[in-house]
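What follows is a set of notes on a single structure, which appears directly below.
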Amino acid sequence: MQKTQSYSNSHSQTFNVILTAMLIALVFVATVFLNIKLPIASNGGLVHLGTAMLFISSFLFGPKKGAIAGALGMGLFDLISGWTLWAPFTVIARGLQGYIAGKIAWSKGRKGNSVAFNLLGAILSAPVMLAVYYLCEGILYHNWIAPVASMPGNIAQNVIGIIVSIPVCIVLKKVPMFK
């Protein structure tokens, strides 16, 4: 009996590690290959589908996996794409965003099954992400006006992420694996 339970726990842990790694990869790939550099000042940023994948991860698998996928997927993107200075800030901003979106979507046993709470989680997580990036830019540039230039891009990124993730999750929640 003990051996069976140990095997089951080991299998479950392995599955969780693999799933988390796949979610990180999904966020990373969506950020790398599905992005547009915005022509808004020098620090206007990017619009990419990594945010949508962060939300999908949070809604389907909960706050911890959403936080890890967003933080590491987009942090890794920053490391390899010339935005290296931003990687630590991205890990914080996107980790918090994924956690908040997932925590709201999974609150009171909902497990991401409520479109309204998924939408609420995404909307309430966006200002946290915006605030972290604003504070980091303000500190880096020693200027509290310059970071405003990247706000439109960050807002657009979140709006696109919401527009993509909500319908995708509605469809995926009908698949038996995600129920």
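- The two residues Pro127 and Leu124 make their nearest non-hydrogen contact at CD-O, 3.4 Å.
- The hydrophobic cluster containing Ile24 does not contain Val29, counting ILVMFWY residues as joined when their side-chain heavy atoms lie under 4.5 angstrom apart, directly or transitively.
- Annotation: the span from Thr51 atom OG1 to His48 atom NE2 amounts to 4.5 Å, rounded to 0.5 Å.
- Under a hydrophobic-cluster definition in which Ile, Leu, Val, Met, Phe, Trp and Tyr are linked whenever side-chain heavy atoms come within less than 4.5 Å, directly or via other members, Ile166 and Val175 are assigned to the same cluster.
- We find the CG-NZ distance between Leu96 and Lys103 to be 13.5 Å, quoted to the nearest 0.5 Å.
- Under a hydrophobic-cluster definition in which Ile, Leu, Val, Met, Phe, Trp and Tyr are linked whenever side-chain heavy atoms come within less than 4.5 Å, directly or via other members, Val168 and Ile123 are assigned to the same cluster.
- When all heavy atoms of Gln97 and Phe55 are compared, the closest pair comes out as NE2-CZ, 3.6 Å.
- Note that the CH2 atom of Trp86 and the OH atom of Tyr133 stand 8.0 Å from one another [nearest 0.5 Å].
- No side-chain heavy atom of Asp78 sits under 4.5 Å from any side-chain heavy atom of Thr84.
- What you find for Ser57 and Val27 is that their closest heavy atoms are OG-CG2, 4.3 Å.
- Not one N or O on the side chain of Asn158 forms a donor-acceptor pair closer than 3.5 Å with the backbone of Ile155.
- In this structure, CG on Leu60 lies 12.0 Å from NZ on Lys65, to the nearest 0.5 angstrom.
- Here the shortest heavy-atom pairing between Gln157 and Val47 reads NE2-CA, 3.9 Å.
- Follow the hydrophobic side-chain contacts under 4.5 Å out from Leu85 and you reach Tyr134 in the same cluster.
- Note: Met74 CE to Phe28 CZ = 12.0 Å, rounded to the nearest 0.5 Å.
- At least one side-chain heavy atom of Leu140 sits less than 4.5 Å from a side-chain heavy atom of Phe89.
- Side-chain atoms of Arg94 never come within 3.5 Å of backbone atoms of Val91 as a donor-acceptor pair (strictly under, hydrogens ignored).
- Minimum interatomic distance between Ala122 and Ile162 (heavy atoms only, all atoms of both residues): CB-CG1, 3.6 Å.
- The CD1 atom of Ile68 sits 9.5 Å away from atom CG of Leu23, with the distance rounded to the nearest 0.5 Å.
- Put simply, the side chain of Phe117 does not reach to within 4.5 Å of the side chain of Trp106, judged on heavy atoms.
- The two residues Leu54 and Gly98 come nearest to each other via the heavy atoms CD2-CA, 3.7 Å.
- Using modelled atom types, one finds no donor on one side chain facing an acceptor on the other under 3.5 Å when comparing Glu137 with Asn143.
- Here the side chains of Trp83 and Thr90 are not in contact, with every heavy-atom distance at 4.5 Å or above.
- Residues Leu49 and Thr31 are not in side-chain contact: their nearest non-hydrogen atoms beyond the backbone lie 4.5 Å or more apart.
- Side-chain contact between Cys136 and Val132 is present, with at least one heavy-atom pair separated by less than 4.5 Å.
- With hydrogens and angles disregarded, a donor-acceptor distance shorter than 3.5 Å links the side chain of Asn118 to the backbone of Gly112.
- Cluster annotation: Met151 and Tyr141 are assigned to the same hydrophobic cluster (Ile/Leu/Val/Met/Phe/Trp/Tyr, side-chain heavy-atom contacts under 4.5 Å, transitive).
- Two residues are said to be in side-chain contact when any heavy atoms from C-beta on lie closer than 4.5 Å; Ser165 and Phe59 meet this criterion.
- Inspection of the Tyr99 and Ser58 side chains reveals no N or O donor paired with an N or O acceptor under 3.5 Å.
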